[in-house]
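Notes to accompany the following structure.
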Amino acid sequence: MPPDRREFLLQTGKLLVLTAAASTAWDYVVAGEPEKAPDYDATKHWWAMIIDVEKCIGCGRCVQACKAENGVSMEPYYFRTWIERWEIDPDDPEHPHVESPNGGYDGFATRPEKQGVKTFFVPKLCNQCADSPCVQVCPVGATFLSPDGVVLIDKEYCLGCRYCIQACPYGSRYLDPTTHTADKCTLCYHRITKGLQTACVEVCPTQARYLGDLKNPKDAIHEYLRTHVVHVLKPQMATHPKTFYNGLDGSVR
Amino acid sequence: MGAVDGFMYPNEMELQWSILIVLYPFITGLVAGAFILASLERVFNVQAVKPTYRLALLTALAFMIVAPLPLQLHLGHPERSFEMYLTPHMTSAMAMFGFIYLWYLMAVLVVEIWLEYRREIVHWWQRSTGLKRFAYRVLALGSSNVSEDALRIDDRVGRLVTIVGIPSAFLLHGYVGFIFGSIKANPWWSTPMMPVVFLFSAMVSGIALVMLMYVVTTWYRKVETDMPCLDTIARYLLYAFLIDFALEMIDLLHRIYEADESFKTLDFMVHTRLFVSQIVLQIMLGTVVPIGLLAIAPLVRRTRSRRALYVVAGVLTLIGIFAMRWNVVIGGQLFSKSFLGYTTYKLQFATREGLGVAVALLILPFMLLAGLVHVLPPWPHAPRERA
């Protein structure tokens with residue numbers, strides 16, 4: 001059934017209101033205080049991400065979008081998000097072949113299919129751990145967990161000692177060569193506080209990524225987590241990541 | 001990135017901590033070790049090592065002054081380092097460094113050295129003229145009271161400071177070990193043994209350094225080496241070394257036997273990329289050989305040969321402990337936290353964190369020590385000669 005006029009007006013009206021709200025919020029983002037935006041209450045959200053390994057095709061668009069959106073340096077090769085291609089031979093599961101050429105930025109060259117080898121892509125990013133070792137070790141508290149569950153870095157305050165980079169079990173951090181401070185995925189904090197998606201979620205052609213709000217009872221993430229077998233990376237580290245993987249092979253580290 | 005074998009997370013290819021961070025535990029270890037040797041004489045009244053007491057204190061001070069420099073040079077924003085004092089993050093193992101450092105430097109080392117030298121400083125103040133007189137007067141803090149009573153108080157306070165100083169020295173270097181040992185993400189570092197191993201290796205390196213400095217200074221001053229003193233120091237070095245070696249072997253055995261998820265990766269690394277620095281330099285040349293030399297030294301009757309043995313053992317010890325720091329700091333970054341690959345550390349020369357700076361930072365404390373020895377001569381029986 002085509003949408004009726006009433007429905008159309010309602011949707012358009014919502015869109016206009018949201019755009020206006022987003023532009024107000026943008027002023028606060030530019031001022032470096034997105035949490036003070038009048039239409040965004042940081043205490044009312046608890047962000048998480050779902051990555052569906054079975055849906056990722058390794059096209060690299062998330063890596064490209066992330067670099068473009070966040071100004072991540074092209075060279076040397078640092079990444080806020082990257083994609084790994086895993087090939088696991090069931091006869092030799094201890095020695096998987098893993099690669100991430102240029103972080104998967106340009107996608108992956110096809111490899112001759114090997115009989116009986118399991119191949120899949122694993123997009124990675126900061127896990128936004130609830131008990132984050134990087135936050136724990138920062139000597140001045142420049143890296144911190146925001147009230148809405150995002151691990152952020154105060155670049156005006158970071159010493160550049162790199163202790164947090166050593167403490168991250170996932171290789172999510174690097175030293176930004178331009179600011180000489182630690183850097184990593186912010187879950188596009190400047191976007192999500194405006195009601196937008198992260199850049200990587202926005203561009204993913206297969207919807208392999210989903211940004212969810214665990215404090216919003218209406219968010220589909222609750223149903224997803226209830227009905228899928230999800231896994232986090234390196235659970236033995238007890239960092240309590242908020243990046244959940246669906247269909248993740250147990251050998252992925 | 002041809003230096004990478006297997007798979008590294010893309011952000012891991014560059015090493016985060018360079019040779020400067022190798023120097024940091026090496027230098028603080030020398031400080032702690034030298035101080036602990038000095039304290040032996042003071043607290044436990046070991047008369048035999050008395051000739052090295054002041055030299056050990058000055059050595060500790062010279063290296064302590066240099067200790068924060070490699071850290072400072074390494075920071076992305078050195079100008080912000082003071083924030084660690086103003087807004088320390090209480091859950092960070094690193095945040096306490098500044099406080100422990102200052103406590104140790106100002107409350108222990110400087111006070112102990114000042115009390116030890118106070119009588120001489122007053123003496124030099126009253127005997128010299130001009131600028132020198134003024135300098136010694138400042139050093140004496142303007143007080144010329146060297147009466148029996150005052151000196152007795154000096155001695156008692158000095159003893160108290162030493163007693164506080166020993167746990168402080170333990171704290172200083174145990175703490176440095178904790179900075180590495182508490183990183184659960186890195187299996188090469190993450191072990192509760194780390195602070196203990198760091199502590200004993202610190203004692204080993206500090207004692208070896210003071211022993212060498214003593215031989216070098218006696219040779220330079222053309223005075224007779226006090227062999228009982230040297231023998232005693234060498235014996236302490238041997239004991240500390242045996243404990244240190246035993247601790248490191250316990251750690252190694254534990255890792256081999258437990259063989260957790262990281263074991264194969266680390267084992268492969270030790271047999272390939274770390275083979276020369278770990279097996280050859282640290283364990284064989286830097287530990288087994290000097291322990292052997294120190295063990296057979298008492299059987300050598302000829303003084304000169306024995307002294308030569310001590311010198312060789314001391315130099316090898318310092319090389320071995322430096323290799324140990326290298327293997328901890330650099331080795332901990334050569335493998336991927338995915339346990340699927342390895343990278344290489346490319347040591348540059350003329351960069352901010354290059355070999356040139358590292359060598360300069362190792363020479364600097366010796367220059368400082370020369371200056372300190374000039375201002376505060378540590379030889380009690382050879383009063384300062386004046387032109």
Side-chain angles (χ1 to χ4, degrees), chain A residues 63 76-80 82 84 86 94-105 124 133-144 155-177 179-184 234 236-239 252-253, chain B residues 1 4 6-18 21 71-72 74-99 179-180 182-190 260-262 264-265 329 332-333 336-341 352:
Chain A
V63 185
Y77 305 99
Y78 298 119
F79 300 90
R80 287 188 177 194
W82 69 97
E84 297 166 4
W86 285 66
E94 291 231 340
H95 299 99
H97 179 266
V98 186
E99 58 180 348
S100 183
N102 195 13
Y105 185 88
K124 291 208 176 156
C134 57
V135 170
Q136 182 188 28
V137 303
C138 177
V140 293
T143 189
F144 59 97
K155 295 210 155 199
E156 309 274 284
Y157 212 51
C158 170
L159 307 177
C161 72
R162 310 188 189 213
Y163 201 22
C164 57
I165 307 177
Q166 304 285 10
C168 174
Y170 307 101
S172 302
R173 288 176 166 252
Y174 57 90
L175 198 85
D176 186 330
T179 60
H180 307 292
T181 53
D183 198 38
K184 67 166 199 71
K234 300 190 182 180
Q236 74 275 16
M237 288 286 154
T239 56
V252 174
R253 290 187 282 244
Chain B
M1 294 278 178
V4 173
F7 173 71
M8 304 284 293
Y9 296 132
N11 292 333
E12 277 183 328
M13 298 199 189
E14 182 205 16
L15 259 71
Q16 301 300 327
W17 284 351
S18 66
I21 308 299
L71 298 181
Q72 194 67 16
H74 165 80
L75 288 180
H77 283 275
E79 81 282 3
R80 295 181 190 164
S81 60
F82 199 62
E83 300 288 356
M84 271 174 59
Y85 288 106
L86 301 179
T87 57
H89 186 220
M90 298 319 247
T91 64
S92 169
M94 196 183 272
M96 292 303 111
F97 173 74
F99 296 102
I179 287 182
F180 292 94
S182 61
I183 294 296
K184 67 179 167 189
N186 190 320
W188 185 245
W189 292 343
S190 175
D260 69 6
E261 57 166 357
S262 65
K264 281 185 182 167
T265 307
V329 176
Q333 303 174 83
S336 170
K337 286 173 192 158
S338 67
F339 305 137
L340 294 170
R352 188 170 70 141

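The chains referred to below are lettered A, B, ... by the order of the sequence lines, with proteins before strands, and numbering in each begins at 1. What you see below is based on every heavy atom in this structure, not just the backbone, and it leaves out hydrogens, waters and symmetry mates.
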Open item on the list: Taking side chain as everything from C-beta outward and backbone as N, CA, C, O, which of these in B/Phe339 sits under 4.5 Å from a heavy atom of chain A? Side chain, backbone, both or neither.
Closed with: both

TODO: Determine the option with the most heavy-atom pairs under 4.5 angstrom with chain B, choosing from A/Cys158, A/Pro133, A/Ala182, A/Ser172.
DONE: A/Cys158

Open item on the list: I'd like to know if the side chain of A/Arg80 reaches the main chain of A/Lys184, judged simply by a donor and an acceptor atom lying under 3.5 Å from each other, with no hydrogens or angles considered.
Closed with: yes

Open item on the list: So for B/Ser182, is it side chain, backbone, both, or neither that comes closer than 4.5 Å to the heavy atoms of chain A?
Closed with: side chain

Open item on the list: In terms of relative ring orientation, are B/Phe99 and B/Tyr85 parallel, tilted or perpendicular, with 30° and 60° separating the classes?
Closed with: perpendicular

- [ ] With a 4.5 angstrom heavy-atom cut-off, could you sort out which part of A/Tyr157 is near chain B: side chain, backbone, both or neither?
- [x] both

Task: Carboxylate-amine/guanidinium contact A/Lys124 A/Glu84, below 4.0 Å - done: yes

- [ ] Could you check which of A/His180, A/Gln236, A/Gln136 has the highest count of heavy-atom pairs closer than 4.5 Å to chain B?
- [x] A/Gln136

Task: Reported CG-to-CG distance for the pair A/Leu175 and A/Asp183, which is rounded to 0.5 angstrom - done: 8.5 Å

Task: B/Ile183 versus chain A, the contacting section by heavy-atom distance below 4.5 Å - done: side chain

Task: Residue part contacting chain A, namely of B/Gln333, when any heavy atom lies under 4.5 Å - done: side chain

Open item on the list: Using a 4.5 angstrom heavy-atom cutoff, name the option from B/Leu71, B/Asn186, B/Leu340 with the most pairs to chain A.
Closed with: B/Leu340

Task: Proximal component of B/Trp17, with respect to chain A [non-hydrogen, under 4.5 Å] - done: both

Task: Between B/Glu12, B/Lys184, B/Lys264, the one whose heavy-atom pairs under 4.5 Å with chain A are most numerous - done: B/Lys184

TODO: Decide whether B/Glu14 and A/Tyr174 meet the rule of one side-chain donor and one side-chain acceptor closer than 3.5 Å.
DONE: no

Task: B/Ile179, part contacting chain A, at a heavy-atom distance under 4.5 Å - done: both

Task: Proximity of A/Tyr77 and A/Trp82 rings by center, below 6.0 Å - done: no

- [ ] Rounded to the nearest 0.5 Å, what's the gap from CG on A/Leu159 to CE on B/Met84? Could you check?
- [x] 7.0 Å

TODO: Can you label the angle between the B/Tyr9 ring and the B/Phe7 ring as parallel, tilted or perpendicular, going by 30° and 60°?
DONE: perpendicular

